[in-house]
Amino acid sequence: MSKIVVVGANHAGTATINTILDNYKGNEVVAFDANSNISFLGCGMALWIGDQISGPQGLFYQTKEQFEAKGCTVHMETPVMRIDFDAKVVYAKGLDGTEYEESYDKLVLATGSLPILPRFEGGDLDNIQQVKLFQDAAEVVKKLENPDIKTVAVVGAGYIGVELAEAFQRNGRHTLLVDMAPTCMANNFDPEFSAMMAKNLEDNGIEAHYGEGVDHFEGVDGKVTKIVTNKGAYDVDMVCVCIGFRPNTQLVKDSGMELFRNGAILVDRHQMTSIPDVYAVGDCATIFNNSLDGEPGYIALASNAVRSGIVAGHNIGGTPLETPGVQGSSGICIFDLKMVSTGLTETAAARAGVEVKSSTVTGCQKAPFIEHDNPDTTCKIVYDAKTRVVLGAQLASTYDMHGNINMFSLAVEKKVTVDELALLDIFFLPHFNAPYNYITLAALTAE
């Protein structure tokens, strides 16, 4: 039996702890977390801010008490100050001043990620917000009770920025969306799909400022009143900055542990780091990208964090288990436009130097004679130009077609060719799809 210390108890840490406690009885598990809560689903913050859910209660799926009932010792609001990897000791200090020296046989680093916050002039003005933790969202919700906050600027037009733009607009605020990129969600979709979302945002009243970089903020009486970009100045009452995340690996900076180019901890397929008996999971660690031949990469998603925690938990418990890697499957739903993707886009393939082709088809979701609830869906398949192996896919529709992306995810993982996909046994029933459905047609018409 082993003593296992887990640093960080959000999604990846929670998955690791539960895997060990549920499957390998008798181990001693001690967890440290700097926060006051566990398992906050940050993807639901925008729904809370936009009044699409009644409150944050459902955004948590694990508690300290649930861990303790399984036998885990949990220290909340107790940040780890340093780790002696040679002596195998973790040093932590609670907010109440209590100090801890915890030895371990196995260590799990689940320290997550931190928001990227450039040092803009005026960045310390009140009502300039970041939105990652529960406390961040709660602060924004509280401030929105003030009717004087009429205009909100969101800096960053990735998934989180677009979701927040919708949320503020639904909350009755005039909303600006600012990004240096020429469109929204440029890292997740190819331009023709991003254009669909950009139009959707515009049609719903979002004032977009693409191709603009923030220069500084201005304020009156300590509160932000203006956002100034390289192309203009705009009056605002609140700003949310969400331009991305970086791995939180400060604890290992002097350890000699091998790191990825962005500072994430390099792990093997068992989630083990370059230091024996030390594992890393979630947003602080690398992951294997199947759409790039299993190369180490960085894809910060809660779904990936959970899977990495499960893999680490089983390996720590004594069951050898390798991660199969991921495709970066993700999705978004904004003003009823649903967009999902997995693997490489053409844009990402070009950046990576991968020669690809693509095939795109737009067709109605169900049989054409179904007269109601039968909107069009656009489907794009990206595949290797030489081997014809499927490397990615993107879909967009007002219809809930999200389940199809899971099939494409598996196709990427298992290296299915576009020609094999064309003959896949996809069932037909008019209530669900068309006899010549858009997936089959996109595969059949691939060059």
Test item: [X] side-chain N/O and [Y] main-chain N/O as donor-acceptor pair under 3.5 Å:
| X | Y | answer |
| --- | --- | --- |
| Ser359 | Ile381 | no |
| Thr19 | Ala15 | yes |
| Thr398 | Asp336 | no |
| Asn200 | Ile334 | yes |
| Thr249 | Val252 | no |
| Arg246 | Leu114 | no |
| Asp51 | Arg170 | no |
| Asp293 | Glu295 | no |
| Glu322 | Arg269 | no |
| Asp190 | Glu346 | yes |

Min side-chain heavy-atom separation [X]-[Y] under 4.5 Å:
| X | Y | result |
| --- | --- | --- |
| Val239 | Phe120 | no |
| Glu102 | Phe32 | yes |
| Gln327 | Ser291 | no |
| Pro191 | Thr347 | yes |
| Val140 | Asp136 | no |
| Leu177 | Val162 | yes |
| Pro324 | Arg307 | no |
| Val154 | Cys242 | yes |

**OP:** Report the C-alpha separation of Asp215 and Asn230 in whole Å, then their side-chain angles, then the decisive distance to 0.1 Å, and conclude whether the side chain to side chain contact (heavy atoms under 4.5 Å, CB included) test is met.
**Re:** CA-CA 6 Å; Asp215 183 78; Asn230 59 330; 5.9 Å; no
**OP:** Using the side-chain contact (heavy atoms from CB on, under 4.5 Å) rule, pick out the option among Arg173, Lys143, Lys150, Lys223 that qualifies with Met238.
**Re:**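 It is Lys143, the one option of Arg173, Lys143, Lys150, Lys223 that forms the side-chain contact (heavy atoms from CB on, under 4.5 Å) with Met238.
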Subject >> Test applied, side-chain contact (heavy atoms from CB on, under 4.5 Å); reference residue, Tyr438; option that passes from Thr377, Thr360, Thr362 >> reply: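 Going through the options one by one, the only one that passes is Thr377.
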**OP:** Show your reasoning for whether side-chain hydrogen bond (donor to acceptor under 3.5 Å, both in side chains) applies to Gln250 and Thr111.
**Re:** CA-CA 9 Å; Gln250 181 72 14; Thr111 49; over 6 Å; no
Where do [X] and [Y] come nearest, in terms of heavy atoms and distance?
| X | Y | answer |
| --- | --- | --- |
| Tyr399 | Pro375 | CB-CG, 3.5 Å |
| Asn171 | Ile49 | ND2-O, 2.9 Å |
| Ala393 | Phe408 | CB-CG, 3.4 Å |
| Pro247 | Asp283 | CB-O, 3.6 Å |
| Ala396 | Met339 | CB-CG, 3.7 Å |
| Leu266 | Phe260 | CG-N, 3.7 Å |

Tell me if the [atom1] atom of [X] is crowded by more than 12 foreign heavy atoms within 6.0 Å.
| X | atom1 | value |
| --- | --- | --- |
| Glu192 | CD | yes |
| Lys93 | NZ | no |
| Glu371 | CD | no |
| Met180 | CE | no |
| Asp96 | CG | yes |
| Glu202 | CD | no |
| His402 | NE2 | no |

**OP:** Might you work through the side chain to side chain contact (heavy atoms under 4.5 Å, CB included) test for Leu107 and Val7, ending with a clear yes or no?
**Re:** CA-CA 8 Å; Leu107 176 67; Val7 182; 3.9 Å; yes
Original post:
Do Asn315 and Gln271 pass the side-chain hydrogen bond (donor to acceptor under 3.5 Å, both in side chains) test, and can you show the C-alpha distance, the side-chain angles, and the key distance before you say yes or no?
Top reply: CA-CA 8 Å; Asn315 281 290; Gln271 300 298 141; over 6 Å; no
**OP:** Identify whether NZ of Lys or CZ of Arg in Lys380 sits under 6.0 Å from the centre of the six-membered ring of Phe193 and within 45° of that ring's axis.
**Re:**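 Here Lys380 fails the 6.0 Å and 45° test against Phe193.
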Original post:
Can you tell me if Gln66 and Asn18 form a side-chain donor-acceptor pair at under 3.5 Å?
Top reply: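 Side-chain D/A pair, Gln66 to Asn18: absent.
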Separation of [Y] [atom2] from [X] [atom1] (nearest 0.5 Å):
| X | Y | atom1 | atom2 | result |
| --- | --- | --- | --- | --- |
| Glu163 | Ile332 | CD | CD1 | 4.5 Å |
| Ile4 | Tyr104 | CD1 | OH | 13.0 Å |
| Ser194 | Lys199 | OG | NZ | 15.5 Å |
| Cys184 | Asp179 | SG | CG | 9.0 Å |
| Ile265 | Leu259 | CD1 | CG | 7.0 Å |
| Leu164 | Gln169 | CG | CD | 13.0 Å |

**OP:** With side chain to side chain contact (heavy atoms under 4.5 Å, CB included) as the test, would you mind laying out the steps for Asn204 and Glu166 before giving the verdict?
**Re:** CA-CA 8 Å; Asn204 283 279; Glu166 179 196 28; over 6 Å; no
Subject >> Geometric class of the Trp48/Phe134 ring pair [parallel <30°, tilted 30-60°, perpendicular >60°] >> reply: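 Geometry flag for Trp48 against Phe134: parallel rings.
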Original post:
Is the Tyr61 ring parallel, tilted or perpendicular to the His11 ring (thresholds 30°, 60°)?
Top reply: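 Aromatic pair Tyr61/His11 classed parallel.
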**OP:** Check the pair Lys70, Asp22 against salt bridge (Lys or Arg N to Asp or Glu O under 4.0 Å), reporting the backbone distance first and the verdict last.
**Re:** CA-CA 8 Å; Lys70 293 182 178 184; Asp22 292 345; 2.9 Å; yes
**OP:** May I ask you to say whether Lys64 pairs ionically with Asp33, meaning some side-chain N is under 4.0 Å from a carboxylate O?
**Re:**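 No, Lys64 and Asp33 are not salt-bridged.
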**OP:** Apply the test side-chain hydrogen bond (donor to acceptor under 3.5 Å, both in side chains) to residues Tyr159 and Ser330: give CA-CA distance (whole Å), side-chain angles for both, the deciding distance (0.1 Å), then the verdict.
**Re:** CA-CA 10 Å; Tyr159 271 174; Ser330 62; 2.9 Å; yes
Subject >> Check against side-chain hydrogen bond (donor to acceptor under 3.5 Å, both in side chains), Ser39 and Thr14 >> reply: CA-CA 7 Å; Ser39 77; Thr14 289; 5.6 Å; no
Subject >> Trace of the side chain to side chain contact (heavy atoms under 4.5 Å, CB included) decision for Thr229 with Tyr234 >> reply: CA-CA 8 Å; Thr229 74; Tyr234 312 100; 4.0 Å; yes
